[in-house]
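Beneath this line is the structure, given in structure tokens, with notes to follow.
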Amino acid sequence: MSIQMRGAEVAKAMKEKLIREREELNAAGVNPCLTIIRVGAKENDLAYERGAKKRMEMIGIECRIAELPEDISQQELENVVQQQNEDDTVDGILVQLPLPKHLNEQAVIDKISPLKDVDGLHPVNAMDGMSPVNLAKIFEGDRTAYVPCTSEAVMHIMNHYGIELQGKRVTVIGRSMVVGKPLSMLMLGQNATVTICHSRTKDLADRCREAEIIVAAIGRANHITADMIAEGAVVADVGINVLEDGTLCGDVDYENVREKVSHITPVPGGVGNVTTSVLASHVLRAARTGQNEHGQRRG
Ligand code: NAP
């Protein structure tokens with residue numbers, strides 16, 4: 001019988017510490033604040049926004065929403081980001097991605113101040129175009145970076161359930177910049193032996209079967225089946241897929257795989273539930289950094 005690694009349980013364990021940190025900031029005269037920038041009104045974005053807002057409220061972090069029209073111009077959007085950069089009462093900025101096709105996403109990401117980049121999307125410092133910020137720091141093993149929230153959420157789950165990573169064979173399926181790659185670097189940082197798979201990987205089943213820990217971040221419903229998984233493995237399922245009947249499922253064939261493994265995250269109810277707690281922790285860190293740099297900025 002496998003242990004279900006439940007996101008709500010991990011988020012609950014994180015909550016008290018986050019509230020304490022927020023109270024300390026309040027006592028020092030700082031009210032932490034996140035701005036979420038949303039272009040248009042896609043259901044996915046609205047769902048994420050509701051979850052993030054609820055989590056911030058729970059911790060006591062102010063959450064502002066900048067709702068922008070679907071047809072906003074590049075310049076107008078960059079101006080909104082710049083306003084948030086310059087607003088001393090805002091500690092973290094999250095731009096909901098992907099943006100509509102007519103917008104240059106990377107240019108918008110580059111516009112976010114690295115100090116407020118709580119979603120960890122910045123590759124390099126836009127000021128000098130060279131020095132590493134967030135994403136690049138992760139690849140250097142620098143722990144001061146803001147790590148993309150989902151990949152850090154997986155690490156929190158592993159830690160909460162006492163999954164040892166050192167020396168373990170880990171297979172990460174997916175190599176995106178928001179999940180697969182940063183997560184692989186975090187696992188490597190914990191001395192795991194990491195194999196990264198993608199759509200061109202030959203013998204994906206073999207790469208999975210030899211793993212003691214599998215992380216699926218593909219975006220294909222039930223793609224990882226029980227025959228691809230070793231008895232007693234640990235499985236973290238990052239995928240979120242909507243089936244034709246509207247139900248959600250992960251990348252892993254949960255019902256059959258759970259019979260074989262030692263630990264597994266459900267979808268929904270797994271990784272996704274921890275992501276907004278990680279986001280909250282990043283906003284608090286950004287507020288602390290701002291406090292140290294500018295003293296008591298506001299009451
Ligand atoms: P993405 O950018 O589309 O990347 C998907 C990755 O999967 C790519 O590297 C792709 O390989 C690989 N892939 C696709 N088909 C494959 C196959 N048949 N075999 C092996 N690898 C394959 O997606 P993402 O943004 O990383 O997200 C991945 C999943 O996580 C999605 O379901 C997304 O909704 C979910 N997600 C969840 C959360 C959360 O909070 N739980 C947050 C973010 C994303 P190539 O590089 O070769 O194309």
Side-chain angles (χ1 to χ4, degrees), residues 5-11 14 36 42-55 94-99 105-106 109 118-121 123 135 138 146-158 170-187 194-211 214-225 227-229 235-243 246-254 264-282:
M5 299 193 287
R6 297 191 57 79
E9 213 176 279
V10 181
M14 293 172 75
I36 297 178
K42 288 200 298 292
E43 190 41 51
N44 276 358
D45 291 351
L46 292 168
Y48 183 78
E49 191 175 293
R50 279 192 295 273
K53 223 171 162 219
K54 200 168 138 202
R55 182 74 64 200
L94 183 144
V95 178
Q96 293 252 31
L97 302 176
L99 291 168
E105 204 163 273
Q106 194 56 48
I109 291 169
V118 286
D119 214 15
L121 298 174
L135 265 181
I138 297 162
Y146 290 113
V147 177
C149 296
T150 305
S151 38
E152 195 176 320
V154 173
M155 300 304 280
H156 276 279
I157 291 173
M158 295 290 168
V170 175
T171 293
V172 175
I173 315 153
R175 57 174 166 179
S176 74
M177 289 299 268
V178 285
V179 194
K181 279 183 190 161
L183 180 58
S184 300
M185 293 303 120
L186 294 178
M187 296 270 184
V194 184
T195 302
I196 308 174
C197 298
H198 45 80
S199 65
R200 314 284 169 87
T201 298
K202 286 182 180 156
D203 309 324
L204 178 66
D206 289 339
R207 299 291 79 77
C208 290
R209 268 193 293 268
E210 67 197 15
I214 294 182
V215 183
I218 314 168
R220 285 176 174 254
N222 302 319
H223 194 69
I224 307 298
T225 49
D227 61 307
M228 297 166 78
I229 293 192
V235 178
D237 191 352
V238 177
I240 300 176
N241 307 289
V242 185
L243 297 176
T247 54
L248 288 186
C249 76
D251 292 339
V252 177
D253 176 11
Y254 181 81
I264 185 166
T265 57
V267 178
V271 178
N273 287 21
V274 185
T275 307
T276 51
S277 297
V278 173
L279 179 63
S281 76
H282 289 180

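Note that this is a predicted model, so its numbers are computed, not measured. Just so you know, ligand 1 is whichever comes first in the structure, and atom 1 is the first atom listed for that ligand. Residues take their numbers from the sequence shown, with the count starting at 1.
With ligand atoms numbered from 1 in the order given, ligand 1 contributes 40 (O), 41 (N) to contacts under 4.0 Å with heavy atoms of Gly272. In summary, the atoms of ligand 1 found under 4.0 Å from a heavy atom of Gly174, numbered by their order in the structure, are 6 (C), 7 (O), 9 (O). Per-residue contacts place Val178 under 4.0 angstrom from the following atoms of ligand 1 (heavy atoms of the residue considered): 25 (O).
Here the closest heavy-atom approach between residue Val10 and residue Ile157 is recorded as CG2-CG1, 4.1 Å. The shortest heavy-atom contact between Arg220 and Asp251 is N-OD1, 2.9 Å. Here the shortest heavy-atom pairing between Cys208 and Ile214 reads O-CD1, 3.4 Å.
The shortest side-chain heavy-atom distance between Ile240 and Asn44 does not fall under the 4.5 Å cut-off. Between Ile264 and Tyr254, the closest side-chain pair of non-hydrogen atoms falls below 4.5 Å. Taking the side chain as every heavy atom from C-beta outward, Ile109 and Val95 never approach each other to under 4.5 Å. The shortest side-chain heavy-atom distance between Val194 and Val172 falls under the 4.5 Å cut-off.
Between Arg200 and ligand 1, no N or O atom pair is found at a separation short of 3.5 Å. Between Cys197 and ligand 1, no N or O atom pair is found at a separation short of 3.5 Å.
Residue contacts with ligand 1 leave out Gly180, since none of its heavy atoms falls under 4.0 Å from the ligand. Note on ligand 1: Ile218 sits in its first shell, one or more heavy atoms being nearer than 4.0 Å. Under a 4.0 angstrom heavy-atom cut-off, His223 registers as being in contact with ligand 1.
Nearest protein heavy-atom contact of atom 43 (C) of ligand 1 is Thr150 OG1, 3.7 Å. Given atom 46 (O) of ligand 1, the protein heavy atom at minimum distance is Arg175 NE, 2.7 Å. Nearest protein heavy-atom neighbour of atom 26 (O) of ligand 1: Ser176 OG, 2.5 Å. The closest protein non-hydrogen atom to atom 33 (C) of ligand 1 is Ile240 N, 4.2 Å. Ranking the protein heavy atoms by distance from atom 36 (N) of ligand 1 puts Val238 O, 3.7 Å first. Nearest protein heavy-atom contact of atom 31 (C) of ligand 1 is Gly219 CA, 3.6 Å. From the protein, the heavy atom lying nearest to atom 27 (O) of ligand 1 is Val179 CG2, 4.3 Å. The closest protein non-hydrogen atom to atom 11 (O) of ligand 1 is Ser199 N, 3.1 Å.
Using a 4.0 Å cut-off between heavy atoms, Ile173 contacts ligand 1 through its side chain alone, with no backbone atom that close.
Here the CD1-CD1 distance, from Ile196 to Ile173, works out to 12.0 Å after rounding to the nearest 0.5 Å. Atom-to-atom distance recorded for Met14:CE and His156:NE2 is 4.0 Å, nearest 0.5 angstrom. Taken from NZ in Lys53 to CZ in Arg50, the straight-line distance is 11.5 Å, to the nearest 0.5 Å.
By the 6.0 Å contact criterion, NZ on Lys54 is open, its count of non-hydrogen atoms from other residues, nucleotides or ligands being 12 or less.
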